[in-house]
Amino acid sequence: MNNKMLKNYAINLAVVILIFTGLMGMMATGMLNKYHQGIIIFILINVILASSLNLVTGFLGQLTLGHAGFMAVGAYASALFSVALKGQMPNLLLLIISLIIGGIAASIVGIVIGIPALRLRGDYLAIITLGFGEVIRVVINNIKITGGAQGLTGIPRIASFQSAFWIAALVILVLYRLTHSKQGRAILSIREDEVAAEAVGVRTTYYKVLGFAIAAGFAGVGGGLYAHYIAFLDPNTFGFMRSVEILVIVVLGGMGSLTGTIVAATVLTILPEALRGFSDFRMLLYSFMLIVMMLFRPQGLFGTGEFSWQTLYDRTKLVHSALRKREKRGGIDGSTGSK
Amino acid sequence: MALLEANNISIQFGGLKAVDNFNLQINDKELVGLIGPNGAGKTTVFNMLTGVYMPTEGDIALDGRSIVGKKPYEIVKMGASRTFQNIRLFKELTVLENIKIAYHHDLHYSTLSSILRLPSFWKYEKLAEEACLEFLDIFEMREYADTLAKNLPYGKQRKLEIARALATKPKILMLDEPAAGMNPQETHELMETISLIRKNFNIAILLIEHDMSLVMGICEKIVVLDYGKVIAQGTAEETKNNKDVIRVYLGE
Amino acid sequence: MVLFLQQMINGLSVGSIYALIALGYTMVYGIIRLINFAHGEIMMVGAYIAFILAVNTSLPFILILLISMVLSAVIGVLVERVAYKPLRKAPRISVLITAIGVSFFLQNLALVIFKADPKIMPELIEKKPIAIGPLQVGTVTVTTLALSIVFMIALDLFVKRTKPGKAMRAVSEDKDAAVLMGIHVNKTISLTFAIGSALGALGGVLYGITYTQVFPTLGVLPGLKAFIAAVLGGIGLIPGAVLGGFVIGMIETITKAYLSSQWSDAIVFGLLIIVLIVKPTGILGKNEKEKV
């Protein structure tokens, strides 16, 4: 690990801790009430769901429309586990084990679906994953163990802001490291040109299924968090529209940009809440803004790049030195270049 | 035993026999040119040799092992790598990343060590960085290491594609019409690159071209294909004077 | 047996509605490779227009139908011009998201104007059973089937025989070549949206009449099913959409009648998955391999 990387890690860790303590402080002093806290937890859940989808859609380049299905599998698997074992172990331990179970269950389903589905490309993959997602929903709706259409109740409400925050941070860290490794490069090469990737020896099927399984697993973790925060599961919340909402976050943030996903998840979770004042017009405005954002930034907020403090620092330095140079010359149009 | 051996391979698309009883032997370190007019079946042969198509008849052996039915990435692992007629780079990635992707067979660390950043990750990533930069040095492309592949000029893109194919450490390199779309200066640069490979790497090269002068200038052995059949085989001198070849290229 | 035949006719009638909507999906996909998620909402808009006209005027059914189709066509073209056309060179996924945005927008617009509760669709077609031999078939069923078939034949003739129809096929084959042949691509795309939307609206009105209700999310489920129908038959292919529509309609009706209404959706989606795995390009589609 060289110095620059160490510095970057240190800065990022400091920022994450700062955000965490900042939010904790605001919650303790009542600046953020229960309602705000709920929104923040939803942002964190959306960060997990969207960043995992970004691995498949942004980094691997495979469009899928069934991510809510994996979320549902994770939600139900983890909830069923914690319902059975609640009270028998400390809450935090129960939460962690439930989430791991949810993640593994979703991952297995991801592999089972991924192997046949990932042979398809482009829109066909999108459609088949949509189909699988809906099948998962209908199955959950109609079997006994999940509580069927009545929903699943009695889930312990053990997810909190703290656990959601650190799990989201962990997911981002894992995804960042994965995408910046030989596996990550193989995944990116498939997005860039699958035929060429195979021609330089990349096992394309293996990496596609790997990416898909990891993404499904994290979606399952996100679903598990959701289940243990809401404490009630209704199968119809995991429909096609939920998958679409997650995809919207990914595209708006920028395909292949984890930082973009975090920003977009925040914006798109807060937006409908912030528009509550418009009552009936709320969702109308939301969809209108979505269209406008796509029209003006079709490549997403961050494109495929990652935000980093180093680049920001470099860039501001660059801008400053450019401004200074301009000042020295007295500016092109005679202005001082300050404004 | 030859390094690459194609024995009586044929392929049929519907009713059309695109390649008929094709034979080819390439020995270690040999530079072989496969030529023929447009539509002669050169690219089809190429696609069979690289596992994109499966021959309907016949066998292809690399180092004594059959490659028929193997996936392209398996064939790469066995020691044959290729470039494409219409350059296929990982456009949005840097030059260095393009090379690193091809180099990944020599990086022995698991997904888990990537995620946990175990020592093996750092060790092999350092190795990859150094080896790939050195690799770029051979091709005098180090200065472009952080350039996005799509931003390279055309001639350099071809060079990168060849370098990337070599980074898989092949025993044989197959070039599919590398001079396609190049101006004379770029073609000249390409010929230099090929002789550079001959000097620095001990590998065989199969070159597919319809530009006769390029092939005649550098190849030791030339195979001429027309309508899916081999019509002549031999040294540049021999094929140049073969009357079938003259007929095909110049008309009767 | 009689019951089964009756169910078959119901299936055909539902299927013909799916087919009408599927045509819009398939035509748009064929021409700009976009899964137009807003198409189900155009269908809903068509149904609402018919509802307003039926409640406030005493126009005859056929006129109401035509007005609804024309207005929906205008809206469809408008959506294309405003939301899709500026993105023609953008990544395809951005257009997909925009289409989803338009879909949300139209749904919520309907929600604001008409509120969430379903409105009862006036009886535009007089309901009485018609006896065909031992079968009792409703007028709505018969009219739906007849109207769908008439418009499908008209579409087929239009695409095959007329100049703009041929232009549509040319643009979907190869946009660049079409430009070189002097075809006005933008106009042709608009025309495709117009026709697709009009047929979608027809589907919407018939759907509204069949189920006697109109509501803001009316387009979602039939939209999704029609989309599956289009994929099943081979997306981009007009005969494929019709075939797919009928297949989905039949399967849905039969499974609902004889197996289970809860599982019918799973069966429809399962069928979609199987077809995609076995033959991704759909029943009538041609397999194509990427050229190396």
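Numbers restart at 1 for each chain; the letters A, B, ... are given by sequence-line order, proteins then strands. Heavy atoms only: backbone and side chains are in, while hydrogens, waters and symmetry mates are out.
The only option from C:L96, C:V102, C:T98 that meets the side chain to side chain contact (heavy atoms under 4.5 Å, CB included) definition with A:M294 turns out to be C:T98.
Among C:I273, C:I235, C:L276, the residue with the largest count of heavy-atom pairs under 4.5 Å with chain A is C:I273. Chosen from A:V135, A:I291, A:L285, the residue pairing most often with chain C at heavy-atom distances under 4.5 Å is A:I291. Ranked by heavy-atom pairs shorter than 4.5 Å toward chain C, the options A:N141, A:L252, A:V139, A:L290 are led by A:V139. Interface summary for chain C: among A:L63, A:I136, A:V138, the most heavy-atom pairs under 4.5 angstrom belong to A:V138.
Within the 4.5 angstrom heavy-atom criterion, atoms from both the backbone and the side chain of A:F132 approach chain C. A:M241 touches chain C through its side chain: at least one heavy atom from C-beta onward sits under 4.5 Å away, while N, CA, C and O do not. Using a 4.5 Å cut-off between heavy atoms, A:M293 does not touch chain C at all. Only the side chain of A:L65 has a heavy atom closer than 4.5 Å to any heavy atom of chain C. In this structure, the portions of A:V248 lying under 4.5 Å from any heavy atom of chain C include both its backbone and its side chain. Using a 4.5 Å cut-off between heavy atoms, C:Y29 contacts chain A through its side chain alone, with no backbone atom that close. Interface remark: A:T129 contributes no atoms to any contact with chain C (heavy atom separation under 4.5 Å). Contact annotation for C:V275: neither backbone nor side-chain heavy atoms come within less than 4.5 Å of a heavy atom of chain A.
C:L87 contributes atom CG, which lies 10.5 Å from atom CZ of A:F296 (distance to the nearest 0.5 angstrom). With rounding to the nearest 0.5 Å, the separation of CG in A:L284 from CG in C:L109 is 5.5 Å. Remark: A:S287 OG to C:I100 CD1 distance equals 12.5 Å, nearest 0.5 Å. Summarising the geometry, atom CZ belonging to C:F105 is positioned 12.5 Å from atom CE belonging to A:M289; distances are rounded to the nearest 0.5 Å.
Proximity of A:M283 to C:L111: side-chain heavy atoms (C-beta onward) are nowhere separated by under 4.5 Å. C:L224 is listed as a side-chain neighbour of A:L130, based on a closest heavy-atom distance under 4.5 Å. Contact of the A:L247 side chain with the C:I93 side chain is registered, since non-hydrogen atoms from C-beta on lie closer than 4.5 Å.
Within 6.0 Å of atom CZ in A:F288, 12 or fewer heavy atoms from other residues, nucleotides or ligands are found, so the atom counts as exposed in its surroundings. Residue C:E173 qualifies as open at atom CD: its count of foreign heavy atoms under 6.0 Å is 12 or below. Counting heavy-atom neighbours within 6.0 Å of C:K115 NZ, excluding the residue itself, gives a total above 12.
The shortest non-hydrogen separation linking C:A90 to A:P298 is CB-CB, 3.6 Å.
When only modelled atom types and interatomic distance are considered, C:N108 and A:Y286 share no side-chain donor-acceptor pair under 3.5 Å.
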Open item on the list: One pair to check against side chain to side chain contact (heavy atoms under 4.5 Å, CB included): A:I127 and C:L272. What are the steps and the verdict?
Closed with: CA-CA 9 Å; A:I127 297 159; C:L272 170 80; 3.9 Å; yes
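For residues 30-40 of chain C, a heavy-atom distance under 4.5 Å to chain A picks out C:R33, C:I35, C:F37, given by residue number.
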